[in-house]
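Working notes, beginning with the structure itself.
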Amino acid sequence: MFPYQDALSYVLQHCRQLKPALTPVAKARGLVLAQDVVALEAIPPFANTAMDGFALRANDVREPPATLRIIETIAAGHSPTMLVGEGEASRIMTGAPVPEGANAIVMVEQTEADGDEVTVNISVPVGNHIRPIGDDVLKGELVFEAGTILTPGHLGVLSSLGLLEVIVFPRPRVGVISTGDELVADGSALKAGQIRDSNRCALLALLEENDMSPVDLGLLPDNEDAIEKGLVEGAATCDALITSGGVSMGDFDYVKSVLQRIADMRWMQIDIKPAKPLAFGLIAGTPIFGLPGNPVSSMVSFELFARPGLRAMMGRANPLRKRVVATAAESLGRRPDGKTHFVKAIVDYADGKVFVRSGGGQGSHMLAAMARSNSLAILPDGSGYSKGDSLEVLILD
Ligand code: AMP
Ligand code: MG
């Protein structure tokens, strides 16, 4: 059997980063910056008030109450027209520029206005409630370095800087193909021996969930010509391909025979359960993951191999899932067989601790149990864990 870490390394080595491309900021969430971002503008771009209130000279309200003359009203988005002199104040709204002459803001709640006069009931320090220019980001500052994973907050800052596009590693377009004469995808009544295609929908959704760009390449019959055409066309139009089924030892496993011919493949029997068989290779440079057909195996294989490989293509420095140490809330038994078991599991967070229990049926056809799980408990070769033991868990959500 092929060691899991070696299989993963092989996959990561052959999943090259995609060429960085200019992308609209609004479409860049989850992507990795391929450029340093230097601020060409300051944030905020001008000194403004953090409160609705009055702009005045702090010195004028040193001994409250103090009555000042209101000289104008400044709304957000509008420029002050008057210099605030001694004994004067300008009414000002949150976000509006602080007028010249003023050096503090008093919030409206601490004032009483009467006609063109306002009585201020507190003294305030110089700079009170004023947000200076560049308080958040200075002009010329290196705001985000290449390699930053863009979150909604990052997109907000980029927008604040007036950037409409940034250079990022693009979302990989990943084609998904189901294969098998037994599969039905149109909702029609099942005939003898038929089952429904579940892998394609699940794999496309996994791609979506991981900020990749899923491409549905359909369901192909167990027919060598159809499979070859699907794979060649898919490889030409996508950055990577995922197939499920047809890579085992069966008589009609044509994905295997076609890939053997048209791609540079590695056929691995990995020391894990489920998802022992993995076919991985390149069709004219395009990575292809030949995942096992069993629904749970295909999802686990996606998690353990395809997801890291595709994330490496997206420029992610750490393409792997988070592992946490959890306490077994019940015994998690297994038999020694030379493999690491990735067990469908449910992680609960209680009293600041992480607990893990089985997610139910562990068969590789039991997709409902997978759907109800939120993690994979890692059970190294041996006889498993007892209640209260600590173990590593891969968090899937
Ligand atoms: P195979 O690897 O083609 O021998 O398939 C292994 C098992 O997975 C068989 O029971 C198939 O019917 C099942 N299977 C293959 N592809 C799918 C699919 N797209 N959706 C659901 N089950 C599948
Ligand atoms: Mg099949």
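Every number for a ligand or one of its atoms is a count from 1 in the order of the listing. Below, each value reflects all heavy atoms present in this structure, side chains not excepted, and no hydrogens, waters or symmetry copies.
- Here the options are Phe2, Phe342, Tyr4, the test is ring-ring contact (aromatic ring centres under 6.0 Å, His included), and the partner is Phe305; only Tyr4 passes.
- Looking at Arg196 against ligand 1, only its backbone comes within 4.0 Å, counting heavy atoms.
- Near Asp197, meaning under 4.0 Å from one of its heavy atoms, ligand 1 places the atoms 18 (C), 19 (N), 20 (N).
- When hydrogens are left out, the protein atom nearest atom 7 (C) of ligand 1 is Asn294 OD1, 3.4 Å; that is the closest non-hydrogen contact.
- The shortest separation from a heavy atom of Ser198 to ligand 1 is under 4.0 Å, placing the residue in contact.
- Here is the list of ligand 1 atoms found below 4.0 Å of a heavy atom in Glu182: 11 (C), 12 (O).
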List the steps and the verdict of salt bridge (Lys or Arg N to Asp or Glu O under 4.0 Å) for Asp381 and Arg334. CA-CA 8 Å; Asp381 193 22; Arg334 54 156 294 177; 3.0 Å; yes

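- Two residues are said to be in side-chain contact when any heavy atoms from C-beta on lie closer than 4.5 Å; Leu231 and Thr243 meet this criterion.
- Proximity of Glu112 to Pro65: side-chain heavy atoms (C-beta onward) are nowhere separated by under 4.5 Å.
- Nearest non-hydrogen protein atom to atom 4 (O) of ligand 1 is Asp253 OD1, 4.0 Å.
- With respect to the salt-bridge test (charged N to carboxylate O, under 4.0 angstrom), the residues Arg357 and Asp348 qualify.
- Among protein heavy atoms, atom 22 (N) of ligand 1 sits closest to Ile195 CD1, 3.5 Å.
- Listed by number with element, the atoms of ligand 1 under 4.0 Å from a non-hydrogen atom of Ser178 are 19 (N).
- Residue contacts with ligand 1: Arg200 is placed with no nitrogen or oxygen under 3.5 Å of a nitrogen or oxygen of the ligand (distance criterion only).
- Remark: ligand 1 atoms within the under-4.0 Å shell around heavy atoms of Leu183 are 16 (N), 17 (C), 18 (C), 19 (N), 20 (N), 23 (C).
- Looking at Leu304 and Ile272, their side chains come closer than 4.5 Å, going by heavy atoms from C-beta outward.
- Counting only heavy atoms of the protein, atom 16 (N) of ligand 1 lies nearest to Asn199 ND2, 3.6 Å.
- Atom CG of Leu367 sits about 10.0 Å away from atom CZ of Arg372, to the nearest 0.5 Å.
- Looking at Gly293 next to ligand 1, an N or O pair under 3.5 Å apart turns up.
- Gly246 counts as a contact of ligand 1, since one of its heavy atoms falls under 4.0 Å from the ligand.
- Taking CD of Glu303 as the reference point, atom CE of Met370 lies at 6.5 Å (rounded to 0.5 Å).
- Looking only at side-chain heavy atoms (C-beta outward), Glu224 and Arg261 come within less than 4.5 Å of each other.
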